[in-house]
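Accompanying notes for the structure given below.
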Amino acid sequence: MNRSRRGLRFPVLMRTCGGIRPRAMAVLGAVLLAALVACGGRGDAGQEAGRLTLAAPRDLAAGPEDPYFTHRTLRVWEPLVTLDDRMRPAPALATGWEHSDGGRRWTFTLRGGVRFSDGTPLTAEAVVVNIERFRRIAPRPSAFFSLDAGMEAAYGKLTGVRAEGGKVVFILAEPVADLPARLADFYSMIQAPSAFKADGDFAGKPVGTGPYTLVSWSKDRQVELAANPGYWGGKPAFDKIVVKTIPDANARVAALRAGEVAGLIDKGALLPGQVAAVAADGRFRITRSPSVLTHYLTFNASRKPFADPRLREAVDLAIDRESIADKLLAGTATPGSPFLSPIFGALSDPGVRTAHDPARARELVGAAGRPAEPVSILISSSETGQFPYADIAEVLRAGLEEVGLPARVNVVEATKAVMEAGDYDIFLSAYSVPNGDPDYLFRRFLRSDAAWNHDRNLGYRSDVFDRLIDRAAATGAVAERRELYHEVQRLLAADRPMIPLAYQDNPVAMSTSVTGLAQNPLYLVDLAKLAPSR
């Protein structure tokens, strides 16, 4: 992925639709129709005095049962560490950090003059309460960033966390070279101790240090935020922001056209086929930047037919990634090859190349034997509003049948239950790394003892893989870590428990009456930077 494209704002040219399936054309046609109908909508879209209304494909507030309550995008809470545009750890509530004892002791210095929205000060003791809470409630699933890998994935072998002289000290049994990166964003969410009950659940609304506070939340409908007058970074431009939940992609664009919302944010805000049409409307600005989102195919290798590595290889070779990225994803993605996308910089292995070779795929199917039953391609109905998965799945199905693997597409709402029941063969989904650290992805999904690996029936067991990621987590030498992760990716390219299909950009849209739209590689839009155009 060309890093020069990051953060670039540009008019998106209409691409040829040659080869796109009829369903994709129908979706695009519906969007264009909505555009024509809505021409002449309100000029100040979704924007009133001091109030801004946006839309997202999913709930950005998950409620008190979620370990974070709200997504980071809403800026209700802030972390100790965040990431910059090059995926490097950057100061947030911690202004600096240092390590000693070979990476077993990490000390974080806190930003001064910060108060939670309940008026209490940010202290090292308050940070310790938050970290201890995570340790107490994990494993726990989340709509945003699961704690289901356990705390070792977050902090390593943490033996203690304590406040010392106004600073926060993490004590580890074994070195963790990349602790600030691991902590970035969700693993170091900090809220006032008053936000939590003794059992770690939320006592009421979240109480963070961010530029906005949560006013109200209605599941599957909307979130209302109010500016935090005591924010250490200064009061944001909008007094109130409402983020509506609109799962249907066409309905989101129609709301934008009609002036009901001023912008579309979050992952999958625009279907790739919608980007050109919205960009052509002078009332809106598209911001499109490379993201950590990657579309993967996950195999159920705990049973036939994909317990046979020859058939996993056959699927890999049968996929025309170029066509999917250029046509179905309308150029908003690049073909996948290394397990880590190029946005991970030197950690992505450019030497991993994936071929499109249907002839070799047919040979492998012939050698392994044609499955007695069609293989199932599982997709989530909720993700079809974010990505053209119905069309991609059909293209995959056709490609598999071409090489002798009969297939069918299974669209369901509760994919987790289907996968845990083992009732699938291939699962298509997009994954990201919300803290930007590859260890999270490898350790949570593919390590031999990973709950996700077991629960979803991946059947991947590799002592070599386990040792490599453990070594990479412990080494502070940049070159050694890079080589270890390259070795990991070469191993995964051979074993194929999951294969990357495409690396997805994330287009978002905003009315030109609003300035300040920026999106980082984790597809976070900073609401505090949005302001009315002058």
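- Judged purely by distance below 3.5 Å, without hydrogens or angles, the side chains of Thr245 and Asp59 pair a donor atom with an acceptor atom.
- Ring centroids of Phe134 and Tyr155 are separated by 6.0 Å or more, keeping the two rings apart.
- Contact record, Val76 with Thr213: CG2-C, 4.2 Å, taken as the closest heavy-atom pair.
- Judged purely by atom type and a 3.5 angstrom limit, Gln386 has no side-chain atom pairing as donor or acceptor with the backbone of Ala269.
- There is a side-chain donor-acceptor pair under 3.5 Å between Ser432 and Tyr523.
- Side-chain polar atoms of Arg444 and Tyr431 form no donor-acceptor pair below 3.5 angstrom.
- Side-chain contact of Thr82 with Asp185: a donor-acceptor pair under 3.5 Å is present, judged by distance alone.
- When all heavy atoms of Pro272 and Leu328 are compared, the pair lying nearest together is CB-O, 4.1 Å.
- Residues meeting the salt bridge (Lys or Arg N to Asp or Glu O under 4.0 Å) test with Lys219, sequence neighbours left out: none.
- For Tyr231 and Glu78, the side-chain atoms include at least one donor-acceptor pair closer than 3.5 Å.
- Between Tyr296 and Phe339, the gap from one ring centroid to the other is short of 6.0 Å.
- Residues Phe69 and Phe202 bring their aromatic ring centres within 6.0 Å.
- The aromatic rings of Phe145 and Phe186 sit parallel, their planes meeting at an angle under 30°, below the 60° perpendicular limit.
- Side-chain polar atoms of Gln519 and Asn506 form a donor-acceptor pair below 3.5 angstrom.
- Applying the side-chain contact (heavy atoms from CB on, under 4.5 Å) test between Val409 and each of Leu428, Ile379, Leu378 identifies Ile379 as the sole match.
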